[in-house]
Amino acid sequence: MTTIASGTDTLTQNALTVLQPGFSGTTAPDWLLRRLGEGLASVALFGRNVSTPEQVAALTAQLRAEREDVLVAIDEEGGDVTRLEVRTGSSFPGNHALGAVDDVGLTRAVAAELGRRLADCGVNFNWAPSADVNSNPDNPVIGVRSFGASTDLVARHTAAYVTGMQSAGVATCTKHFPGHGDTGIDSHHAVPRIDVDASVLAERDLVPFRAAIAAGSRAVMSAHILAPALDPDRPATLSRRILTDLLRGELGYEGLIVTDGIEMRAISGTYGIERGSALAIAAGADAICVGGGLCDEDTVRRLSDALVDAVRSGELPEERLADAADRVRALSRWTAANRPDARTAGAPDEEVGLRAARRALRVTATEGFGPVTEPPFVAAFTPVANIAVGDETPWGVAAELRRLLPGTETGSFTGPDAGQGALAAAGTRRIVAVVRDEHRHPWMAAALDTLLAARPDTVVVEMGVPRAEPRGSFHLATYGAARVCGRAAAEAVAGA
(Lines give C-alpha, C1' and ligand atoms only; values in the text may rest on other atoms or scores of the structure.)
Protein backbone atom coordinates (compact mmCIF):
# COMPACT_ATOMS: atom_id res chain seq x y z
CA MET A 1 0.00 0.00 0.00
CA THR A 2 1.31 3.40 -0.98
CA THR A 3 1.33 6.02 1.73
CA ILE A 4 0.41 9.62 0.93
CA ALA A 5 3.35 11.22 -0.80
CA SER A 6 5.40 13.27 1.61
CA GLY A 7 5.89 15.97 -1.02
CA THR A 8 2.16 16.68 -1.18
CA ASP A 9 1.26 19.57 1.12
CA THR A 10 -1.71 19.35 3.49
CA LEU A 11 -3.82 21.82 1.52
CA THR A 12 -3.42 19.85 -1.70
CA GLN A 13 -4.05 16.58 0.14
CA ASN A 14 -7.31 17.94 1.51
CA ALA A 15 -8.34 19.22 -1.93
CA LEU A 16 -7.78 15.75 -3.39
CA THR A 17 -9.50 14.07 -0.44
CA VAL A 18 -12.84 15.78 -1.10
CA LEU A 19 -13.01 14.71 -4.77
CA GLN A 20 -14.91 11.62 -5.94
CA PRO A 21 -13.71 11.21 -9.55
CA GLY A 22 -14.38 8.57 -12.15
CA PHE A 23 -12.12 7.11 -14.82
CA SER A 24 -12.29 5.10 -18.03
CA GLY A 25 -11.69 1.38 -18.38
CA THR A 26 -12.05 -1.77 -16.33
CA THR A 27 -8.66 -1.49 -14.63
CA ALA A 28 -7.30 1.48 -12.72
CA PRO A 29 -5.11 3.77 -14.84
CA ASP A 30 -1.68 4.77 -13.57
CA TRP A 31 -2.71 8.37 -12.97
CA LEU A 32 -5.51 7.28 -10.63
CA LEU A 33 -3.21 5.06 -8.58
CA ARG A 34 -0.70 7.89 -8.34
CA ARG A 35 -3.37 10.33 -7.16
CA LEU A 36 -4.45 7.84 -4.48
CA GLY A 37 -0.90 8.00 -3.20
CA GLU A 38 -1.07 11.81 -3.14
CA GLY A 39 -4.24 12.11 -1.10
CA LEU A 40 -7.22 11.14 -3.27
CA ALA A 41 -9.56 9.23 -0.96
CA SER A 42 -12.50 8.23 -3.17
CA VAL A 43 -13.02 6.64 -6.58
CA ALA A 44 -16.32 6.47 -8.46
CA LEU A 45 -17.40 3.52 -10.59
CA PHE A 46 -19.81 3.82 -13.52
CA GLY A 47 -21.10 1.39 -16.13
CA ARG A 48 -18.00 1.96 -18.26
CA ASN A 49 -15.90 0.41 -15.46
CA VAL A 50 -17.96 -2.78 -15.12
CA SER A 51 -17.93 -6.03 -17.05
CA THR A 52 -18.40 -8.78 -14.43
CA PRO A 53 -18.56 -8.96 -10.63
CA GLU A 54 -15.20 -10.75 -10.65
CA GLN A 55 -13.65 -7.94 -12.69
CA VAL A 56 -15.04 -5.29 -10.32
CA ALA A 57 -13.64 -7.22 -7.34
CA ALA A 58 -10.21 -7.31 -9.01
CA LEU A 59 -10.45 -3.59 -9.78
CA THR A 60 -11.33 -2.62 -6.21
CA ALA A 61 -8.51 -4.86 -4.92
CA GLN A 62 -6.16 -2.97 -7.24
CA LEU A 63 -7.35 0.33 -5.75
CA ARG A 64 -6.97 -0.93 -2.16
CA ALA A 65 -3.47 -2.16 -2.85
CA GLU A 66 -2.64 1.51 -3.38
CA ARG A 67 -4.81 2.93 -0.59
CA GLU A 68 -6.41 0.50 1.82
CA ASP A 69 -9.03 2.92 3.15
CA VAL A 70 -10.25 4.18 -0.25
CA LEU A 71 -13.97 4.84 -0.62
CA VAL A 72 -15.24 3.07 -3.73
CA ALA A 73 -18.52 4.70 -4.75
CA ILE A 74 -21.14 3.59 -7.26
CA ASP A 75 -24.56 4.74 -8.44
CA GLU A 76 -26.42 1.46 -7.89
CA GLU A 77 -30.07 2.19 -7.14
CA GLY A 78 -31.29 -1.10 -8.56
CA GLY A 79 -34.22 -0.98 -10.93
CA ASP A 80 -33.69 1.30 -13.90
CA VAL A 81 -30.43 2.75 -12.56
CA THR A 82 -27.87 -0.03 -12.38
CA ARG A 83 -24.13 0.01 -12.92
CA LEU A 84 -23.25 -3.42 -11.54
CA GLU A 85 -25.60 -5.04 -14.07
CA VAL A 86 -25.43 -2.37 -16.73
CA ARG A 87 -25.21 -4.89 -19.61
CA THR A 88 -28.03 -7.20 -18.48
CA GLY A 89 -30.49 -5.19 -16.39
CA SER A 90 -30.88 -5.34 -12.65
CA SER A 91 -31.71 -8.37 -10.54
CA PHE A 92 -33.60 -6.00 -8.23
CA PRO A 93 -36.69 -3.88 -8.84
CA GLY A 94 -36.27 -0.18 -8.20
CA ASN A 95 -37.87 2.07 -5.64
CA HIS A 96 -41.22 2.54 -7.37
CA ALA A 97 -41.88 -1.21 -7.45
CA LEU A 98 -40.90 -1.54 -3.79
CA GLY A 99 -43.19 1.36 -2.93
CA ALA A 100 -46.04 -0.33 -4.82
CA VAL A 101 -45.63 -3.46 -2.70
CA ASP A 102 -45.29 -1.28 0.45
CA ASP A 103 -43.64 -3.91 2.60
CA VAL A 104 -40.78 -2.25 4.48
CA GLY A 105 -39.38 -5.63 5.43
CA LEU A 106 -39.11 -6.51 1.75
CA THR A 107 -37.44 -3.19 0.95
CA ARG A 108 -34.96 -3.77 3.74
CA ALA A 109 -34.23 -7.30 2.47
CA VAL A 110 -33.76 -6.13 -1.14
CA ALA A 111 -31.37 -3.37 -0.03
CA ALA A 112 -29.44 -5.79 2.18
CA GLU A 113 -28.95 -8.28 -0.64
CA LEU A 114 -27.96 -5.54 -3.09
CA GLY A 115 -25.53 -4.25 -0.46
CA ARG A 116 -24.10 -7.73 0.00
CA ARG A 117 -23.38 -8.00 -3.72
CA LEU A 118 -21.73 -4.58 -3.75
CA ALA A 119 -19.61 -5.48 -0.74
CA ASP A 120 -18.58 -8.75 -2.40
CA CYS A 121 -17.24 -6.64 -5.27
CA GLY A 122 -15.34 -4.34 -2.91
CA VAL A 123 -17.74 -1.40 -3.23
CA ASN A 124 -18.38 0.33 0.10
CA PHE A 125 -20.30 3.52 -0.79
CA ASN A 126 -23.57 3.65 -2.74
CA TRP A 127 -25.10 6.89 -4.07
CA ALA A 128 -28.58 5.65 -3.14
CA PRO A 129 -31.40 5.66 -2.22
CA SER A 130 -33.46 8.35 -3.90
CA ALA A 131 -35.65 9.87 -1.20
CA ASP A 132 -37.48 12.18 -3.60
CA VAL A 133 -41.26 12.37 -3.30
CA ASN A 134 -42.42 12.13 -6.92
CA SER A 135 -45.12 14.77 -6.53
CA ASN A 136 -44.84 15.92 -10.15
CA PRO A 137 -46.00 13.03 -12.36
CA ASP A 138 -44.31 14.65 -15.37
CA ASN A 139 -40.91 14.61 -13.66
CA PRO A 140 -38.45 13.61 -16.42
CA VAL A 141 -35.60 12.35 -14.24
CA ILE A 142 -37.03 10.87 -11.01
CA GLY A 143 -40.15 8.88 -11.88
CA VAL A 144 -39.69 5.20 -11.03
CA ARG A 145 -36.54 6.07 -9.07
CA SER A 146 -38.89 7.33 -6.34
CA PHE A 147 -40.76 5.09 -3.93
CA GLY A 148 -43.90 7.07 -4.81
CA ALA A 149 -45.88 10.27 -4.46
CA SER A 150 -46.81 9.82 -0.79
CA THR A 151 -44.50 11.48 1.71
CA ASP A 152 -45.08 8.91 4.43
CA LEU A 153 -44.53 5.98 2.08
CA VAL A 154 -41.29 7.45 0.74
CA ALA A 155 -40.06 8.18 4.27
CA ARG A 156 -40.58 4.70 5.68
CA HIS A 157 -39.09 2.94 2.64
CA THR A 158 -36.12 5.29 2.53
CA ALA A 159 -35.37 4.41 6.16
CA ALA A 160 -35.77 0.69 5.42
CA TYR A 161 -33.43 0.92 2.44
CA VAL A 162 -30.78 2.76 4.48
CA THR A 163 -30.99 0.16 7.25
CA GLY A 164 -30.80 -2.77 4.83
CA MET A 165 -27.93 -1.48 2.72
CA GLN A 166 -25.81 -0.40 5.68
CA SER A 167 -26.33 -3.77 7.37
CA ALA A 168 -24.08 -5.09 4.59
CA GLY A 169 -21.36 -2.57 5.46
CA VAL A 170 -22.08 -0.35 2.45
CA ALA A 171 -22.62 3.33 3.29
CA THR A 172 -25.74 4.87 1.80
CA CYS A 173 -26.00 8.33 0.27
CA THR A 174 -29.60 9.51 0.47
CA LYS A 175 -30.49 11.86 -2.40
CA HIS A 176 -31.36 14.43 -3.81
CA PHE A 177 -31.58 16.97 -0.95
CA PRO A 178 -33.84 18.93 -0.41
CA GLY A 179 -35.95 16.86 -2.85
CA HIS A 180 -36.02 16.57 -6.65
CA GLY A 181 -39.54 15.18 -6.95
CA ASP A 182 -41.47 18.33 -7.82
CA THR A 183 -39.43 19.26 -10.88
CA GLY A 184 -40.25 19.33 -14.59
CA ILE A 185 -36.62 19.76 -15.71
CA ASP A 186 -33.71 17.35 -15.52
CA SER A 187 -30.79 18.95 -13.67
CA HIS A 188 -28.44 17.12 -16.03
CA HIS A 189 -29.52 19.75 -18.57
CA ALA A 190 -30.53 22.91 -16.67
CA VAL A 191 -31.39 24.26 -13.21
CA PRO A 192 -34.84 23.02 -12.07
CA ARG A 193 -36.90 25.38 -9.92
CA ILE A 194 -39.37 24.40 -7.19
CA ASP A 195 -41.77 27.25 -6.47
CA VAL A 196 -43.57 26.18 -3.31
CA ASP A 197 -43.63 27.58 0.20
CA ALA A 198 -41.08 26.49 2.76
CA SER A 199 -43.91 24.85 4.71
CA VAL A 200 -44.70 22.59 1.75
CA LEU A 201 -41.07 21.59 1.43
CA ALA A 202 -40.88 20.88 5.16
CA GLU A 203 -44.04 18.78 5.25
CA ARG A 204 -43.53 16.98 1.92
CA ASP A 205 -39.95 16.86 0.68
CA LEU A 206 -37.84 17.03 3.83
CA VAL A 207 -39.67 14.29 5.73
CA PRO A 208 -37.93 11.36 3.96
CA PHE A 209 -34.54 12.97 4.62
CA ARG A 210 -35.38 13.28 8.29
CA ALA A 211 -36.24 9.57 8.24
CA ALA A 212 -32.95 8.72 6.52
CA ILE A 213 -30.98 10.74 9.06
CA ALA A 214 -32.81 9.01 11.91
CA ALA A 215 -31.98 5.65 10.30
CA GLY A 216 -28.30 6.59 10.27
CA SER A 217 -27.61 7.33 6.59
CA ARG A 218 -23.87 7.96 6.42
CA ALA A 219 -24.16 10.44 3.53
CA VAL A 220 -26.63 12.79 1.87
CA MET A 221 -26.39 14.01 -1.72
CA SER A 222 -27.38 17.54 -2.65
CA ALA A 223 -29.55 18.43 -5.64
CA HIS A 224 -28.75 21.07 -8.24
CA ILE A 225 -32.20 22.62 -7.82
CA LEU A 226 -33.32 26.13 -6.99
CA ALA A 227 -35.85 26.36 -4.16
CA PRO A 228 -36.49 30.12 -3.74
CA ALA A 229 -38.36 29.58 -0.46
CA LEU A 230 -35.07 28.29 0.99
CA ASP A 231 -32.55 30.30 -1.05
CA PRO A 232 -33.64 32.61 -3.89
CA ASP A 233 -30.15 32.95 -5.32
CA ARG A 234 -28.29 29.67 -5.40
CA PRO A 235 -29.15 26.01 -6.11
CA ALA A 236 -29.01 23.68 -3.12
CA THR A 237 -25.56 22.32 -3.96
CA LEU A 238 -24.09 25.82 -3.67
CA SER A 239 -26.32 27.15 -0.90
CA ARG A 240 -25.05 27.65 2.64
CA ARG A 241 -28.63 28.28 3.73
CA ILE A 242 -29.65 24.82 2.53
CA LEU A 243 -26.59 22.69 3.27
CA THR A 244 -25.34 24.29 6.48
CA ASP A 245 -28.27 26.14 8.04
CA LEU A 246 -31.00 23.66 7.08
CA LEU A 247 -29.36 20.24 6.70
CA ARG A 248 -26.69 20.63 9.37
CA GLY A 249 -28.48 23.10 11.65
CA GLU A 250 -32.21 22.43 11.56
CA LEU A 251 -32.10 18.72 10.66
CA GLY A 252 -29.07 18.04 12.85
CA TYR A 253 -27.23 16.00 10.24
CA GLU A 254 -23.59 15.16 11.03
CA GLY A 255 -22.59 12.81 8.21
CA LEU A 256 -21.00 13.39 4.81
CA ILE A 257 -22.62 15.79 2.34
CA VAL A 258 -21.87 14.89 -1.29
CA THR A 259 -22.78 16.94 -4.35
CA ASP A 260 -24.61 15.49 -7.29
CA GLY A 261 -22.40 15.28 -10.38
CA ILE A 262 -20.64 18.63 -10.57
CA GLU A 263 -20.35 18.33 -14.36
CA MET A 264 -24.14 18.34 -14.77
CA ARG A 265 -25.26 21.36 -16.76
CA ALA A 266 -27.16 22.86 -13.84
CA ILE A 267 -23.75 23.66 -12.30
CA SER A 268 -21.22 23.43 -15.13
CA GLY A 269 -23.37 25.51 -17.47
CA THR A 270 -23.92 28.31 -14.96
CA TYR A 271 -20.89 28.43 -12.65
CA GLY A 272 -18.36 26.10 -14.25
CA ILE A 273 -17.02 23.02 -12.50
CA GLU A 274 -14.05 24.78 -10.86
CA ARG A 275 -15.99 27.63 -9.30
CA GLY A 276 -18.95 25.35 -8.64
CA SER A 277 -16.75 22.98 -6.64
CA ALA A 278 -15.29 25.78 -4.53
CA LEU A 279 -18.72 27.27 -3.87
CA ALA A 280 -20.12 23.85 -2.93
CA ILE A 281 -17.43 23.16 -0.32
CA ALA A 282 -17.78 26.70 1.04
CA ALA A 283 -21.56 26.17 1.31
CA GLY A 284 -21.12 23.03 3.40
CA ALA A 285 -20.61 20.13 0.99
CA ASP A 286 -17.83 17.72 1.95
CA ALA A 287 -17.27 15.81 -1.28
CA ILE A 288 -17.53 16.61 -4.98
CA CYS A 289 -19.00 13.89 -7.17
CA VAL A 290 -17.55 14.07 -10.69
CA GLY A 291 -16.97 11.62 -13.47
CA GLY A 292 -20.27 10.84 -15.13
CA GLY A 293 -18.95 12.57 -18.24
CA LEU A 294 -15.57 13.89 -17.13
CA CYS A 295 -13.25 11.06 -16.16
CA ASP A 296 -9.62 11.99 -16.69
CA GLU A 297 -6.66 13.20 -14.71
CA ASP A 298 -6.97 16.73 -16.06
CA THR A 299 -10.38 17.05 -14.41
CA VAL A 300 -8.94 15.99 -11.05
CA ARG A 301 -6.08 18.46 -11.44
CA ARG A 302 -8.42 21.30 -12.43
CA LEU A 303 -10.71 20.75 -9.47
CA SER A 304 -8.00 20.25 -6.85
CA ASP A 305 -6.17 23.34 -8.14
CA ALA A 306 -9.42 25.31 -8.04
CA LEU A 307 -10.00 24.38 -4.40
CA VAL A 308 -6.43 25.28 -3.44
CA ASP A 309 -6.71 28.60 -5.30
CA ALA A 310 -10.05 29.33 -3.60
CA VAL A 311 -8.43 28.86 -0.19
CA ARG A 312 -5.49 31.06 -1.09
CA SER A 313 -7.77 33.80 -2.43
CA GLY A 314 -9.92 33.75 0.72
CA GLU A 315 -13.06 32.57 -1.08
CA LEU A 316 -12.95 29.19 0.69
CA PRO A 317 -11.86 29.10 4.35
CA GLU A 318 -9.04 26.62 4.84
CA GLU A 319 -10.72 25.22 7.95
CA ARG A 320 -13.88 24.48 5.93
CA LEU A 321 -11.88 22.44 3.42
CA ALA A 322 -10.08 20.67 6.26
CA ASP A 323 -13.41 19.88 7.95
CA ALA A 324 -14.77 18.48 4.68
CA ALA A 325 -11.71 16.26 4.25
CA ASP A 326 -12.04 15.06 7.85
CA ARG A 327 -15.63 14.01 7.18
CA VAL A 328 -14.50 11.99 4.15
CA ARG A 329 -11.89 10.27 6.30
CA ALA A 330 -14.50 9.60 8.98
CA LEU A 331 -16.66 7.77 6.44
CA SER A 332 -13.62 5.77 5.36
CA ARG A 333 -13.15 4.70 8.98
CA TRP A 334 -16.82 3.71 9.24
CA THR A 335 -16.62 1.53 6.15
CA ALA A 336 -13.43 -0.11 7.45
CA ALA A 337 -15.04 -0.79 10.82
CA ASN A 338 -18.18 -2.20 9.20
CA ARG A 339 -16.50 -4.32 6.55
CA PRO A 340 -18.51 -7.56 6.12
CA ASP A 341 -17.24 -10.63 7.92
CA ALA A 342 -18.00 -13.90 6.15
CA ARG A 343 -18.24 -15.63 9.51
CA THR A 344 -21.13 -13.46 10.70
CA ALA A 345 -22.80 -12.42 7.46
CA GLY A 346 -26.26 -13.82 6.80
CA ALA A 347 -26.97 -16.22 3.96
CA PRO A 348 -27.45 -14.61 0.55
CA ASP A 349 -31.02 -14.29 -0.72
CA GLU A 350 -30.50 -14.60 -4.47
CA GLU A 351 -34.22 -14.59 -5.34
CA VAL A 352 -35.43 -11.65 -3.23
CA GLY A 353 -35.35 -9.28 -6.21
CA LEU A 354 -37.50 -11.53 -8.37
CA ARG A 355 -39.95 -12.14 -5.55
CA ALA A 356 -40.27 -8.39 -5.08
CA ALA A 357 -40.83 -7.81 -8.80
CA ARG A 358 -43.56 -10.44 -8.89
CA ARG A 359 -45.29 -8.88 -5.90
CA ALA A 360 -45.15 -5.43 -7.47
CA LEU A 361 -46.85 -6.51 -10.70
CA ARG A 362 -50.37 -5.10 -11.17
CA VAL A 363 -52.61 -6.81 -13.73
CA THR A 364 -55.82 -5.52 -15.31
CA ALA A 365 -57.53 -7.97 -17.68
CA THR A 366 -60.66 -7.76 -19.83
CA GLU A 367 -63.15 -10.58 -19.69
CA GLY A 368 -62.23 -13.58 -21.76
CA PHE A 369 -58.50 -12.97 -21.77
CA GLY A 370 -56.27 -16.03 -21.92
CA PRO A 371 -52.49 -16.25 -21.70
CA VAL A 372 -50.46 -15.72 -24.84
CA THR A 373 -49.62 -19.25 -25.98
CA GLU A 374 -48.06 -18.62 -29.39
CA PRO A 375 -44.91 -16.56 -30.00
CA PRO A 376 -46.05 -12.92 -30.11
CA PHE A 377 -44.58 -9.77 -31.59
CA VAL A 378 -43.22 -7.44 -28.92
CA ALA A 379 -43.46 -3.79 -29.93
CA ALA A 380 -41.23 -1.68 -27.69
CA PHE A 381 -42.18 2.00 -27.78
CA THR A 382 -38.87 3.48 -26.73
CA PRO A 383 -38.54 6.99 -25.26
CA VAL A 384 -35.26 8.85 -25.00
CA ALA A 385 -33.57 7.60 -21.83
CA ASN A 386 -32.68 10.18 -19.20
CA ILE A 387 -28.99 10.48 -18.43
CA ALA A 388 -29.27 8.95 -14.96
CA VAL A 389 -30.69 5.75 -16.45
CA GLY A 390 -28.61 5.77 -19.63
CA ASP A 391 -29.24 3.85 -22.82
CA GLU A 392 -26.75 1.00 -22.25
CA THR A 393 -29.02 -1.17 -20.13
CA PRO A 394 -31.52 -3.44 -21.91
CA TRP A 395 -35.15 -3.28 -20.84
CA GLY A 396 -38.50 -4.73 -21.84
CA VAL A 397 -40.08 -8.18 -21.94
CA ALA A 398 -38.94 -9.56 -25.30
CA ALA A 399 -35.95 -11.52 -24.02
CA GLU A 400 -37.96 -13.14 -21.23
CA LEU A 401 -40.91 -13.92 -23.53
CA ARG A 402 -38.52 -15.45 -26.04
CA ARG A 403 -37.31 -17.77 -23.30
CA LEU A 404 -40.88 -18.80 -22.46
CA LEU A 405 -42.23 -18.70 -26.02
CA PRO A 406 -39.39 -19.47 -28.45
CA GLY A 407 -39.87 -17.67 -31.74
CA THR A 408 -41.03 -14.41 -30.16
CA GLU A 409 -40.01 -11.47 -32.35
CA THR A 410 -39.51 -7.85 -31.42
CA GLY A 411 -38.93 -4.37 -32.77
CA SER A 412 -38.38 -0.88 -31.36
CA PHE A 413 -40.54 2.04 -32.49
CA THR A 414 -40.68 5.74 -31.76
CA GLY A 415 -42.24 8.91 -33.12
CA PRO A 416 -45.54 9.73 -34.84
CA ASP A 417 -45.57 6.60 -37.04
CA ALA A 418 -44.74 4.17 -34.25
CA GLY A 419 -48.18 2.56 -34.15
CA GLN A 420 -48.40 1.90 -37.87
CA GLY A 421 -44.82 0.66 -37.89
CA ALA A 422 -45.58 -1.84 -35.16
CA LEU A 423 -48.71 -3.08 -36.91
CA ALA A 424 -46.83 -3.64 -40.14
CA ALA A 425 -43.97 -5.45 -38.41
CA ALA A 426 -46.26 -7.67 -36.31
CA GLY A 427 -48.20 -9.15 -39.20
CA THR A 428 -50.70 -11.66 -37.85
CA ARG A 429 -48.93 -12.26 -34.54
CA ARG A 430 -50.50 -11.14 -31.33
CA ILE A 431 -48.94 -7.89 -30.17
CA VAL A 432 -47.40 -7.18 -26.79
CA ALA A 433 -46.87 -3.41 -26.61
CA VAL A 434 -44.26 -2.25 -24.09
CA VAL A 435 -44.34 1.39 -22.98
CA ARG A 436 -42.50 3.52 -20.46
CA ASP A 437 -44.35 6.49 -18.94
CA GLU A 438 -47.16 6.57 -21.51
CA HIS A 439 -48.66 9.61 -19.76
CA ARG A 440 -45.56 11.72 -20.53
CA HIS A 441 -45.28 10.90 -24.24
CA PRO A 442 -48.18 11.87 -26.54
CA TRP A 443 -46.65 9.95 -29.46
CA MET A 444 -46.64 6.80 -27.31
CA ALA A 445 -50.29 7.20 -26.35
CA ALA A 446 -51.15 7.77 -30.01
CA ALA A 447 -49.26 4.60 -30.98
CA LEU A 448 -51.35 2.60 -28.50
CA ASP A 449 -54.51 4.20 -29.91
CA THR A 450 -53.52 2.95 -33.34
CA LEU A 451 -52.70 -0.55 -32.14
CA LEU A 452 -55.82 -1.01 -30.06
CA ALA A 453 -58.11 0.29 -32.80
CA ALA A 454 -56.76 -2.32 -35.20
CA ARG A 455 -55.89 -5.08 -32.74
CA PRO A 456 -58.01 -4.90 -29.56
CA ASP A 457 -56.38 -8.11 -28.27
CA THR A 458 -53.10 -6.25 -27.80
CA VAL A 459 -51.36 -6.77 -24.46
CA VAL A 460 -49.93 -3.58 -22.91
CA VAL A 461 -47.00 -3.62 -20.48
CA GLU A 462 -46.28 -0.31 -18.74
CA MET A 463 -42.72 -0.30 -17.36
CA GLY A 464 -42.66 3.29 -16.13
CA VAL A 465 -44.93 5.22 -13.78
CA PRO A 466 -48.40 3.73 -14.44
CA ARG A 467 -50.34 6.98 -14.48
CA ALA A 468 -52.27 6.43 -17.71
CA GLU A 469 -55.49 4.42 -17.48
CA PRO A 470 -55.00 0.68 -18.09
CA ARG A 471 -56.09 -0.43 -21.53
CA GLY A 472 -55.72 -3.37 -23.88
CA SER A 473 -56.98 -6.90 -23.42
CA PHE A 474 -54.43 -7.37 -20.71
CA HIS A 475 -52.58 -4.53 -18.99
CA LEU A 476 -49.58 -5.04 -16.75
CA ALA A 477 -47.86 -2.38 -14.65
CA THR A 478 -44.37 -3.36 -13.51
CA TYR A 479 -43.42 -0.06 -11.79
CA GLY A 480 -39.98 -0.12 -13.37
CA ALA A 481 -37.91 -1.61 -16.16
CA ALA A 482 -35.44 -3.80 -14.27
CA ARG A 483 -34.71 -7.20 -15.80
CA VAL A 484 -36.63 -8.94 -13.02
CA CYS A 485 -39.64 -6.69 -13.71
CA GLY A 486 -39.56 -7.82 -17.34
CA ARG A 487 -39.39 -11.43 -16.22
CA ALA A 488 -42.35 -11.05 -13.88
CA ALA A 489 -44.40 -9.46 -16.67
CA ALA A 490 -43.42 -12.12 -19.21
CA GLU A 491 -44.44 -14.88 -16.83
CA ALA A 492 -47.88 -13.30 -16.43
CA VAL A 493 -48.34 -12.74 -20.18
CA ALA A 494 -47.42 -16.35 -20.97
CA GLY A 495 -49.30 -17.80 -18.01
CA ALA A 496 -46.09 -19.34 -16.70
Side-chain angles (χ1 to χ4, degrees), residues 53 76-86 88-121 126 128-130 144-148 150 153-154 156-168 170 172 340 345-365 371 393-405 434 436 461-466 474-496:
E76 183 60 51
E77 299 176 13
D80 291 31
V81 180
T82 179
R83 310 304 179 217
L84 203 58
E85 297 183 276
V86 65
T88 61
S90 182
S91 300
F92 303 91
N95 286 0
H96 210 53
L98 295 172
V101 178
D102 195 12
D103 177 344
V104 292
L106 180 65
T107 294
R108 190 179 304 111
V110 165
E113 176 61 19
L114 179 53
R116 184 191 67 80
R117 296 192 192 184
L118 290 173
D120 281 351
C121 292
N126 191 11
S130 291
V144 294
R145 300 168 66 198
S146 167
F147 288 110
S150 162
L153 180 143
V154 173
R156 61 179 176 266
H157 285 276
T158 295
Y161 189 107
V162 167
T163 302
M165 178 70 62
Q166 293 191 163
S167 72
V170 177
T172 59
D349 188 351
E350 301 283 355
E351 295 295 310
V352 67
L354 180 58
R355 293 200 307 273
R358 286 168 174 160
R359 287 182 62 185
L361 193 68
R362 298 293 182 268
V363 178
T364 306
T393 305
W395 68 285
V397 301
E400 293 295 338
L401 272 175
R402 194 177 292 117
R403 181 177 59 85
L404 297 172
L405 298 170
V434 186
R436 208 165 175 175
V461 182
E462 169 62 84
M463 303 194 79
V465 177
F474 192 56
H475 184 279
L476 301 96
T478 62
Y479 295 84
R483 175 173 52 82
V484 286
C485 296
R487 178 174 172 181
E491 291 170 346
V493 169

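Keep in mind that the numbers below use all heavy atoms, side chains included, and drop hydrogens, waters and symmetry copies. All residue numbers in this chain count up from 1 along the given sequence.
Considering every non-hydrogen atom in both Ala97 and Ala360, the closest pair reads O-CB, 3.6 Å. The minimum heavy-atom distance between Pro93 and Cys485, with the atom names listed, is CB-SG, 3.9 Å. Between Ala112 and Ala168, the shortest heavy-atom contact is O-CB, 3.9 Å. Of all non-hydrogen atoms in Ser167 and Gly164, the two that sit nearest each other are OG-O, 2.5 Å. Considering all non-hydrogen atoms of both residues, Arg487 and Arg403 come closest at NE-NH2, 3.6 Å. Residues Val352 and Glu113 approach most closely at CG1-CB, 3.8 Å, considering heavy atoms.
A salt bridge links Asp80 to Arg436: at least one charged side-chain nitrogen sits closer than 4.0 Å to a carboxylate oxygen. Glu76 has no carboxylate O lying under 4.0 Å from a charged side-chain N of Arg117, or vice versa, which leaves the two without a salt bridge.
To the nearest 0.5 Å, atom OH of residue Tyr479 and atom CD of residue Glu462 are 9.5 Å apart. In this structure, OG1 in Thr107 is found 11.5 Å from CE in Met165, a value given to the nearest 0.5 Å. The CG atom of Leu84 lies 6.0 Å from the CG atom of Leu118; values are rounded to the nearest 0.5 Å.
Side chain of Thr393 to main chain of Val86: a donor-acceptor pair is present (N/O by atom type, distance under 3.5 Å, no hydrogens or angles). In this structure, His96 contributes its side chain and Arg145 its backbone to no donor-acceptor pair below 3.5 Å.
Within the 4.5 Å cutoff, side-chain heavy atoms of Asp103 are placed close to those of Arg359. By the 4.5 Å heavy-atom criterion applied to side chains, His157 and Val104 are counted as neighbours. Residues Val434 and Trp395 meet the side-chain proximity criterion, which asks for heavy atoms closer than 4.5 Å. Residues Val162 and Pro129 are in side-chain contact: their nearest non-hydrogen atoms beyond the backbone lie under 4.5 Å apart. Proximity of Arg156 to Phe147: side-chain heavy atoms (C-beta onward) are nowhere separated by under 4.5 Å.
Between the side chains of Thr82 and Glu77, not a single donor N or O lies within less than 3.5 Å of an accepting N or O.
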Exercise. Starting from the C-alpha separation in whole Å, work towards a yes-or-no answer on side chain to side chain contact (heavy atoms under 4.5 Å, CB included) for Val363 and Leu476.
Key: CA-CA 5 Å; Val363 178; Leu476 301 96; 4.2 Å; yes
Practice problem: Show your reasoning for whether side chain to side chain contact (heavy atoms under 4.5 Å, CB included) applies to Glu400 and Glu491. | Solution: CA-CA 8 Å; Glu400 293 295 338; Glu491 291 170 346; over 6 Å; no
Exercise. Start with the C-alpha distance between Val144 and Met463, add both sets of side-chain angles, then the distance that settles side chain to side chain contact (heavy atoms under 4.5 Å, CB included), and finish with yes or no.
Key: CA-CA 9 Å; Val144 294; Met463 303 194 79; over 6 Å; no
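Partner Ser130 forms a side-chain contact (heavy atoms from CB on, under 4.5 Å) with one of Asn95, Val81, Val154 and no other, that one being Asn95.
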